[in-house]
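Everything below concerns the one structure shown next.
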Amino acid sequence: MSFITANWNPLGEAFYRKTELYEMSWSLRDGLRDSLVAAAPYGGPIALLREPHRRSPSSRPQLEIYSASGVSIASFPWKSGPVVQVGWTVSDELLLVQEDGSVLIYDVFGTFKRHFSMGQEVVQSQVLEAQVFHSPYGTGVAIVTGSSRFTLATNIDDLKLRRLPEVPGLQGKPVCWLVLTQDRQTKVLLSTGPDLYILDNTSCTAVSPPGLGPQSGSIVHMSVSFSYKYLALFTETGHLWTGPSHLQDKLNEVDTKNTNPPQQMVWCRRPKSQQPSVVLLWDKLLMVVGVRQDNIQFPIEEPCVLVGELDGVRILSSSQQELLQEVPLVCQEIFKIASMAPGALLLEAHREYQKSSQKADEYLREIKEQSMLGEAVRQCVEAAGHEYDSITQKDLLRAASFGKCFLTDFVPDPFVLTCRELRVLNSVRESSVGLPLTHTQFKQMTLQVLIDRLVYRQFYPLAIEICRYLKIPDYQGVSRVLKHWASCKVQQKDLTDEAIARAVCVKVGDSPGVSYSHIAAKAYECGRTELAIKLLDFEARSGEQVPLLLKMKRSQLALSKAVESGDTDLVYTVVTYLKNEMNRGDFFMTLRNQPVALSLYRQFCKLQEQETLKDLYNQDDDHQELANYQVTASYREKRLDSRLSLLQSAVDEYNKAKNEFSAKATEDEMRLLRFQRKLDDEKGAGLLGLSLQATMEALLALGLHKQAEQLYRDFRVPDKRYWWLKLKSLAEKEEWEELEKFSKSKKSPIGYLAFVDVCMKSNNRFEAKKYVSKVMPEQRVRAHLAVSDLEGAADAAIERKNESEMALVLSRSSTSDRLLIDRLNRAATVAKK
Amino acid sequence: MAAHLSYGRVNLNILREAARKELREFLDKCAGSKAIVWDEYLTGPFGLIAQYSLLKEHEVEKMFTLKSGRLPAADVKNIIFFVRPRLELMDIIAENIISEDKMHSPRDFHILFVPRRSMLCEQRLKEQGVLASFINIEEYILDLIPYDGDLLSMEYESAFRECYLENDQTSLYHTAKGLMTLQALYGTIPQIYGKGECARHVANMMLRMKREFAGSQNQILPVFDTLLLLDRNVDLLTPLATQLTYEGLIDEVYGITNGYVKLPPEKFAQKKQGEASKDLPTEPKKLQLNSAEELYAEIRDKNFNAVGAALSKKAKIISAAFEERHNAKTVGEIKQFVSQLPHMQAARSSLANHTSIAELIKDITTSEAFFDNLTVEQEFMTGVETDKVNTYIEDSIAQKDPLIKILRLVSMQSVCNNGLKQKVFDYYRREILQTYGYEHILTLNNLEKAGLLKLQSNSRNNYPTIRKTLKLWMEDANEQNPNDISYVYSGYAPLSIRLTQVLARPGWRSIEEVLKMLPGPHFEERQQLPAGLHKKRQQGENRTTLVFFLGGVSYAEIAALRFLSQMEDSGMEYIIATTKLLNGTTWIKSLMDRPEAQTS
C-alpha cells in the first residue's frame, strides 16, 4: 500500500492534499484554451463553450456539456448571440448570459427550457461582464453593462430585476467585482482600481479593507468563500488580503511575490477548517496561501480551471481532475507519521491482527488503558468517510469493526450508516456516473437531493438501486424515481400513446405514491391530451383526476370521476364549473345523468337558489317535490291571495303526483284560510294561520259556537276530539250550564269520566259530581275517587266485586274511616272466595 | 384529563392526542396572540378535544361566536375562524372581514375548516373578494371524536336526513375518511361487514381510499378485528322506542349534548350546615357524564328499575367507608383513612348527584302518562292491534300532546306493521294536520320518504317474522340481573344489536332470510394485511369489533353492546362509532321541516 501521506503538503499546522478524482474521459482538441468553462459545484456537470467570440455564421462556437468525469452529455453548435458568461443553477440547469442581456436556460441534456432578459436597456449598452451566483433564494445573475451599471436578479425562478445605483467615476467595467450575499441582502463589491465600493439596492458606499494600506496598491482580483463569509483581495503589488466579508476585520495579509493578477483565485476551506487558504492560479503556477506566511506551490503544466466546493477546490484540466483540500483533522490524527491518536493505534492494532501478530493485543491494550476505544472506533469510522480511495475506506472500516468487538455498549448506527453511505458514494463517483461528491458535500446536499440529481441525469436504475439499498420508504424513494421516469417517458415523441401508456403502466404498476395524474399532467403539457386521458385511467385517486380533466375540458368525465370519489366537495366544484361553462339546458341534462351530482346541486339550490330548484323539479317532472316547494313558498308570501294561488299550484302538483291525501289536505287548508280571513274581517278574530284545532278553540273562546260547529262539520273533525275541545273550552270559561247542556246533547263519545276530570281541574266539585253517575261502571270508582267521594267509590267497588279497585280505595282512605275500611276488607274477603 | 378514554380495550386517547397535536401545530403556525371566532356548532365537540387551557397556552386570548356584522374589538395579532365548510358561514365571515378592513387595523386572518377544506367555500370567499385576506387556510380533520372509552361520534346532526331524504352522501365521505384516520392509528381492520345502502357506499369508499393510500401503509398491528357498518334505516324501530336504561332516560328526558346534561337546579341546592336553603339556584345544573365517574360507569347502562338498588347499595358502602374512621386507631390507620378521603368525598358527591337525578326521573317514569305511553309502545312491538287506529294516540292528539311524541308513536306503529292501512294512515295524518297545523305536511312527507311512515303495500307484514327469528321480544326480561340485551327496553331487544350479536355468533348465514327482508344489501369484505401483522391470538383472548351506526345510535343500543362486551362467553368486545348520538325525539326533530310563516 502506498503511503497515504505521500500527497500531503504541510501548510502551517495542517496538511493539504491533492486527490485525483478522474482521468477525464473527454478528448479536447484544444484543451481548455479559449473556452468559457463552467462547472457546477457539488460535483456537477461541466459546460464548455468553445471560442465564444466567433461570430461568423459559417463557423459557430460549439456548446458542449460533460459530466464531471468528462463523459459527453450533449454537444451542439451555438446559434444564438454572443455569450458573455456561462453558469449552472442550483438545480443543474445551464445559464448562458448573452451580450444583449438575454439569459437562456438549458437543461443538462442541452434542451432549451426558457429565456429571460436582464432588461431592455441592456440591448443597447450590452453586457460587459456577468456572474452567476447562488444565494439562499436560489440562483442569481449579475451583469455590468457598457454604461457601467449593474443589474441583479437574485432568483431567476422568481425574476425581479434590480438596477443598482451608479458607481461614481466608473467608466466601462470595473477592474474586478463580485456578488456578496449578506444578511439576506445581495450586494456587489467592486474595485475601480483606486477605490473599493459596496453597491446595494439604494447606495454605493466606498469601503476600505481594514489593515490594507495604500502602499499595497489597487485591488485587481477578489474572491469570496463558498459560504460568502470570507473575502480575499489581491492587489497590484502582489499582496493578498483576507478577512471576513463584512470588511470589519482582517485575517491576514501575505505578499505572494507575484505581481501578475492571478487567472483565478478561489477560497479553499472546509467546515471546521484549521487552516483555511486561498488558491491562486497563474499560467504555470498554483499557489495555496495559508493564513500565515506559509504557502504551497504546485507547478502547472496545462490550462486549468478551479471550481470552489464546500470543502475544497476542484482543479480541472483537459487531462484530469483533482480535488485539493485540507486533510480533515481526523484523517491527520490517524495517518500522521508516528501519531498516537486512538484511531491510529486501532488501525495499527488491526493490521497486526491481520498479520496474526500478538502486537495487536498490545496496541489494543494501550487504547483500552486510556479508555479511548470508543473514540478510536469513532475516529476510524469518521476518517473512512473522508477518504476517497476505497481500499483505505475498507481498512479504516475493518479496523473500526475490529475495535467495536471489544466494546460492550457500542451504538452501531454511525458505523452502519457510514458503510452504506460510502457504498452509495463510491457508486456515484464511478466515472460513468461522474458525481465526485465528498462525504461532507453529500451530507450537506442530503440523500434526497442526490437522488433528484441522479434522476435528473436519468440514471433511473442506479437511483432505484440506491433507494432500495438504503431502504428509503417507497413514496420518498423508488416511487419518486419512477414518477420522474414516467414524466420523462411521456415526452418521447417517437412512441405512440398506446405504447407509452403501456410502458408506464408496466413499470409503475401501482407503486405507492406515484401519481398518475401528475404524469398525465406532464403528458398534457407536452400536448398529448389523449395520452393524458389514458394515463389518468390508471389513477386510483379519482380526486386527483378531476382538476386535470377540467383543465383538458373533459368536464363530463370529470364529473363522473368526482362522483366516483365520493368527495362531495369535489362534485360541487365540478358542478359549479359546469354551470358556468355550459348553457342551462345542457347543464341540466348532464346533471340528469348523474343522480348524485343532481341531488347535491339540489341541496345547493335549496340554500342558495330557490328558483333554480323549481326548474330542476320541473325538468324531472318531480311533482311531489314541486308541490312541497310550492307549499314552502306559500309560507313566504305575505298576501293571502298569492298564498292561496301557490297552494292551488301545490294542489295541482299533488294531484299530478297522485298524492290524493296531500291534495285534499291542501284544499282543506285553503278552505280554512278563506274561512279564517272572512272571520278576521268580520269579527277581528285573529285566526289566520292557526291550525283547525286552534281555530275552533279560539272560536269557542270567543263564544262563536256556531262557527266552531260549522268547522267541526265541514272538516269532518272526529267527535271525540271535538268533544274534548268543547268540554275543555266550556270548563275553562266556567260556563257550567252550557256544559251540562252539551253533555246531554247526545251520548258522549269520550265518556263522562272526562267531564268529571275536567271539572275537577277547574276545582268545581259540585259540577263534577253531576257527571259521576253517568260514568261507565268500570270507571266509576275512579270517578268517585276523583271527586273525593270515598263512600261512593267503596260502594262502586263492592258492587263490582273488584279486588284491585277495593285496594285502590283502601289505599286512599285515612285510618279514621274505620267503618269504611272494615266494610271494604269484608267485601274483599268475600270477593276472594 | 381524559384518562377515561384509555381505560377500554382500545385506547381512544391516542385519537384524542393526535387531534390535539394537530390543533397545537395549527395554532403555532399563526405566530403571536390570537382570537378564535367560533362556528357555534363546533364548540361542543371541540370541548372534548381541547379545553380552554390548551388554547391559552398557545396564545389564544379571546374567543367569539361567529355572527354577522363587525368583529368585536380585540387587541390580538391573529383572528382565526374555526368553521364548518358551509356557504352561509362563508358569507358571514366575508361580512366580518369587509367591515374589518374599514377600521384599518392590521390583523392577520386565518381560517380552519372542520373537518375538511372545501373548494366550494373557498370559491365563495373568492367571489366575496376576501379569499386573499387569509394567510392560512387549513383543514382540521376532526371526523370521529372520542366521547368515552368505547364510544366515538362524529356529531354530524343532519347525517340521517342528508343520506335518506336528500341523497347527499357528504357525511358518508367524512365517515370513510374518519375510518381511514382510525385505521392509520389503530391498524388496518381485516374484516368489514355491513348492511344497508350507506354501509355499502362507505365500504366501497374505504376500499377505494385504501388503494389510493397504498404504500403509505402503516405497519401497526391491527387493534380491531372486525368493522360492522350498519345503516340506521335497517333498524328504524329501535330509536323510536323510549329508552329505559339510566343514561337513555336521562337523554330522553333532559337531553345529553356533547357529554353534558343540564338539569333543573332545585334538586341540587347546596345544603350547607346551619344555613337555610333559601337561595335556590336558578341556573340549570350542568353535569358531565362519562365513565371517568366511577359510579356513573357502573349504573349508566342498567335498566332504570335496577338503578335504585344499585344506588342504595353504593350508599351503604360509602357510609361504611366513612364509618371506618371510628376504627382507625393508630396514626398509620388514620393517615391511610385521610389519604382516601378525597376519593370518598368525590364518591359521596357523585352519589348525591345521581340520587337526585334518579329521583327526578322516577317522578316521570312513575307517572300515568309515561306508563300509558310505554304500554302502547310495547303493544306495537309485540304486534298487538297494529293495523287499527290506536285510541291512546287518538287521545294524545286530542289532548295536544307534543307533536314529536305523536310522530314517534305513529312511526312506530307503521314500522311494526310494515306500513299503515290507507284508512289508518290518512286518519292519523289528517288528525295531525288539523291539530298541529297544515305546515306539518312537509314533515309528514319527509317521514314517508325516510320510510318511517308508509302505506301498507300488498306484501305481507314481515315484522312478526323478523321479531320471531331475531327474538326481538323477550317475555321475561330480567331488569335487575339481565341475561339478554332485551333488558334495555324492558322486553324489546334492539334489532340493530341483535344483528351485531348474531354476526359474532353464529354468523349472518343463519339469518339470510331476515336479512333479505331488511332494506339494503348485506356484504362482507376483507382487507389484506401486510405480511407479519397477522395477530397471533392468545387462548381465550377476545376479539374486537367496531360497530359503526350510519345515521345515529341511541344510548340504549350502546348499553346493549356494552352488555354484550361484558358477557363472559361472548368472546367479543365492542367499540361503538356513529355519525350522531340520538334519541327518538332528536331524530324525528332532525327530519322535520318548518316553514316560517310571514305575518302580514
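So that the names make sense, note that chain A is the first sequence line, chain B the second, and so on, each numbered from 1.
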Measure distances from Arg117(B) to the heavy atoms of chain A and classify the residue's part below 4.5 Å as side chain, backbone, both or neither.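 Contact with chain A: backbone only.
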Report which part of Phe425(B) has an atom under 4.5 Å of a heavy atom belonging to chain A: side chain, backbone, both, or neither.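 Neither; nothing under 4.5 Å.
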In terms of heavy-atom pairs under 4.5 Å with chain A, which of Leu87(B), Asp426(B), Leu433(B) leads?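 It is Asp426(B).
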Which members of residues 448-455 of chain B, sorted by number, sit under 4.5 angstrom from chain A on a heavy-atom basis?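 Near chain A, by residue number: Lys449(B).
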Which of these passes side-chain contact (heavy atoms from CB on, under 4.5 Å) with Thr573(A): Met119(B), Gln123(B), Glu122(B)?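 Passing option: Met119(B).
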For Arg716(A), does its backbone N or O pair with a side-chain atom of Arg430(B) as donor and acceptor, under 3.5 Å?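 Yes, because the side chain of Arg430(B) sits within donor-acceptor range (under 3.5 Å) of the backbone of Arg716(A).
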Has the side chain of Tyr635(A) got a donor or acceptor atom that lies under 3.5 Å from a matching backbone atom of Glu439(B)?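 Side chain of Tyr635(A) to backbone of Glu439(B): a pair is present.
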Proximity breakdown for [X] and chain B, heavy-atom pairs closer than 4.5 Å:
X         : result
Tyr601(A) : neither
Leu607(A) : side chain
Thr576(A) : side chain
Thr666(A) : both
Phe715(A) : both

Set out, in order, the CA-CA distance, both residues' side-chain angles and the distance that settles side chain to side chain contact (heavy atoms under 4.5 Å, CB included) for Leu442(B) and Val631(A), then state yes or no. CA-CA 8 Å; Leu442(B) 298 173; Val631(A) 171; 4.2 Å; yes
Got more than 12 heavy atoms from elsewhere within 6.0 Å of CZ, Arg782(A)?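 Counting other residues, nucleotides and ligands, CZ of Arg782(A) stays at 12 neighbours or fewer.
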